[in-house]
**Student:** 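Encoded as structure tokens, here's the structure I'll be asking about.
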Amino acid sequence: MANLWSGRFSGQPDPVAFQFGSSFRFDRRLFEDDVTGSLAWVEGLTGAGVFNAADAQNVSAALKEILERGRREPAFVDGPDEDVHAFVERQLVERVGDLGKRLHTGRSRNEQVSLDLRLYLRRQIPDLQKQLAAVVSALARKAESAGTAVMPSYTHLRRAMPVLVAHFFLAHVAALRRDYDRLAWASQEADAMPLGSGAVAGTNYAVDTAMLASRLGFSRVVANSIDASSDRDFVAAFLHACAMLMVHFSRLSEDLIIFCDEEHGFFQLSDASSTGSSMMPQKKNPDPLELIRGKTGRLIGHLTGWMATMKGLPSGYNKDLQEDKESVFDAEDNVAGALATLVGVIDGLEIFPNTTAAAASGLLLATDVADFLVGKGMPFREAHEVVGGMARHLLAEKRDFGALTPAEWRQYHPLFDESVTSVVTAEASVRARKTPQSTQPQAVAAALADVTAWLRRIGAP
Ligand code: ARG
């Protein structure tokens with residue numbers, strides 16, 4: 001079969017090398033966008049006087065028929081073609097003959113593939129954002145259902161201070177909202193229309209690039225044809241958004257794996273989101289969460305792999321750029337899988353407020369005890385020293401603040417009066433916080449209301 005560039009060659013391509021260089025098996029995913037781009041190009045060529053109205057009508061009708069067929073019958077998008085662009089052109093020529101051969105006038109696959117991938121990402125990113133909003137929504141529901149339940153927060157994975165369980169879930173929401181914006185940013189990076197760049201230097205036909213941009217839903221045209229032929233910053237932006245999102249999912253997974261274990265027992269995964277062991281009958285394993293954590297490595301790999309591919313490229317298109325698509329598609333598939341899985345995991349999560357409260361009592365109230373002394377006029381550093389000494393004794397005696405009698409409190413320091421016992425509870429501790437980002441219950445309620453308003457604003461169900 002003749003390919004798109006056979007004219008210059010007297011010999012046939014080595015089938016092995018041709019197969020190695022072919023991208024159709026994965027870029028067939030760009031089929032729809034390739035036809036969309038070509039439909040616009042017909043208009044560009046018509047405006048430039050290459051096609052008359054009747055030609056344009058014929059080519060467009062054939063392209064639309066190809067598009068419909070491919071949508072109806074995915075197996076149609078197949079064949080020995082080098083890539084999706086060659087496939088569409090072959091189909092077109094089969095339908096309209098020579099006219100089809102004129103569609104590539106003034107156009108290069110270099111800009112075509114960039115256009116297709118930009119169109120594809122701008123089509124798919126909103127879907128990922130919608131799924132991400134569903135995860136945020138599930139976390140917000142869980143936060144709401146946690147009510148006033150308290151749990152320990154951790155630093156260095158050692159108990160730090162009491163927090164509302166809702167505050168913990170909203171912490172993950174805060175990170176995921178940044179990911180939502182990062183996806184939007186990747187879409188903005190892709191928002192530049194490359195047609196008119198030709199292979200690298202521009203095109204000799206007076207196509208109206210502004211018209212093409214607005215027809216294809218772009219807000220701008222690329223600034224420079226050389227840059228356009230090798231610019232894949234939008235791919236890096238997308239892969240970064242995906243990798244970052246997976247890093248956040250991985251950390252959420254790790255938290256849940258830990259908090260659902262036998263040692264903590266704060267939460268429990270639903271049966272639906274767990275797996276058993278083929279040997280140990282008692283086991284209930286958090287496989288979906290582990291897999292999300294595991295896949296994060298692969299997503300980071302896509303980002304770093306792609307950056308490495310780009311770093312050595314001379315200006316203008318190079319075939320290395322073909323590597324972008326498999327990374328993008330694999331990243332997209334795995335992020336989508338993780339998103340869908342997490343909604344079920346979070347919805348099915350059971351909270352055990354008695355267990356979380358028990359873990360939030362005791363020595364992690366030490367900062368509140370020190371703040372009590374500060375309230376009585378003692379410098380914080382001194383209070384830290386006094387309470388540190390108390391913690392040392394109590395640990396040795398295997399007791400905690402709650403067990404101290406008023407006389408014992410006074411022995412540690414005369415500034416401790418009766419009122420200290422009302423300060424030294426997890427509930428009092430969270431109520432004592434004063435800043436909007438804190439775990440203070442009203443602040444948490446406001447944060448939850450803010451998430452709900454945000455979900456409504458972005459049109460999440
Ligand atoms: N399959 C190629 C890619 O994905 C399309 C562009 C080919 N251009 C070229 N000059 N070989 O990048």
Side-chain angles (χ1 to χ4, degrees), residues 125-126 128-157 159-188 237-238 240-260 266-267 289 292-293 296 299-300 335 338-343 345-347 349 351 356 360 429-461:
I125 285 174
L128 290 178
Q129 286 179 300
K130 206 176 294 164
Q131 280 187 280
L132 179 54
V135 174
V136 168
S137 183
L139 286 166
R141 280 195 298 277
K142 203 47 55 176
E144 173 125 55
S145 77
T148 55
V150 288
M151 67 183 280
S153 62
Y154 294 81
T155 63
H156 311 267
L157 202 51
R159 287 181 190 174
M161 294 179 185
V163 289
L164 292 186
V165 172
H167 198 51
F168 161 74
F169 286 110
L170 291 177
H172 288 285
V173 166
L176 298 185
R177 280 179 64 174
R178 293 193 295 273
D179 295 320
Y180 189 93
D181 290 345
R182 254 184 290 274
L183 283 169
W185 167 245
S187 183
Q188 261 170 267
F238 176 72
H240 178 249
C242 289
M244 200 71 229
L245 188 152
M246 286 298 283
V247 165
H248 291 145
F249 280 179
S250 184
R251 290 165 74 158
L252 169 62
S253 298
E254 178 66 3
D255 274 351
L256 296 181
I257 290 168
I258 291 174
F259 292 157
C260 291
F266 292 176
F267 311 138
L289 295 171
I292 287 170
R293 192 178 57 190
T296 303
L299 268 284
I300 293 168
V335 165
L339 284 162
T341 302
L342 267 181
V343 172
V345 169
I346 297 159
D347 276 339
L349 200 65
I351 300 169
T356 58
S429 168
V430 296
R431 273 199 307 273
R433 309 290 167 215
K434 296 278 188 300
T435 48
Q437 69 270 46
S438 74
T439 193
Q440 204 275 335
Q442 273 154 3
V444 173
L448 188 55
D450 182 65
V451 177
T452 311
W454 178 75
L455 286 167
R456 211 172 310 119
R457 221 164 38 241
I458 62 168

**Student:** Please determine if D450 and R177 form a salt bridge, counting it only when a charged side-chain N lies under 4.0 Å from a carboxylate O.
**Tutor:**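 Judged by the 4.0 Å cut-off on N to carboxylate O distance, D450 and R177 do form a salt bridge.
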**Student:** Verify whether one side chain among R433 and S429 offers a donor that lies under 3.5 Å from an acceptor in the other.
**Tutor:**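 Present: a donor and an acceptor within the cut-off.
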**Student:** Among all residues two or more places apart in sequence or in another chain, which pass the side-chain hydrogen bond (donor to acceptor under 3.5 Å, both in side chains) test with H172?
**Tutor:**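 Listed in chain order: D255.
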**Student:** Tell me the closest heavy-atom pair linking V173 and V136, and the distance in Å.
**Tutor:**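 Scanning both residues, the minimum pair turns out to be CG1-CG1, 3.8 Å.
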**Student:** For the aromatic rings, using the six-membered ring if either is Trp, is the centroid distance between Y154 and F168 under 6.0 Å?
**Tutor:**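 So the answer is no for these two rings.
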**Student:** Under 3.5 Å, is there a donor-acceptor pair between the S137 and R141 side chains?
**Tutor:**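 S137 vs R141: donor-acceptor pair found between side chains.
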**Student:** Between T296 (side chain) and I292 (backbone), is there a donor-acceptor pair under 3.5 Å?
**Tutor:**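 Yes; judged by distance alone, with no hydrogens or angles, the pair exists.
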**Student:** Which heavy atom in S438 sits nearest to a heavy atom in A443, and how many Å separate them?
**Tutor:**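 Distance-wise, the nearest heavy atoms are O-CB, 3.8 Å.
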**Student:** For T356, check side-chain hydrogen bond (donor to acceptor under 3.5 Å, both in side chains) against everything at least two apart and list the hits.
**Tutor:**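 Not a single residue meets the side-chain hydrogen bond (donor to acceptor under 3.5 Å, both in side chains) criterion with T356.
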**Student:** Is it true that R178 and D181 make a salt bridge, defined as a side-chain N closer than 4.0 Å to a carboxylate O?
**Tutor:**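 Here R178 does not pair with D181 in a salt bridge, since their nearest N and O are not under 4.0 Å apart.
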**Student:** If I take atom CG from residue D179 and atom CZ from residue R182, how far apart are they, to the nearest 0.5 angstrom?
**Tutor:**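 So the gap between those two atoms works out to 5.0 Å.
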**Student:** Please determine whether ring-ring contact (aromatic ring centres under 6.0 Å, His included) holds for the pair F267 and F169, giving the CA-CA distance in whole Å, both sets of side-chain angles, and the decisive distance to 0.1 Å.
**Tutor:** CA-CA 12 Å; F267 311 138; F169 286 110; 5.5 Å; yes
**Student:** Taking C-beta and beyond as the side chain, do M151 and I351 meet within less than 4.5 Å on heavy atoms?
**Tutor:**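 With C-beta onward as the side chain, the pair stays apart.
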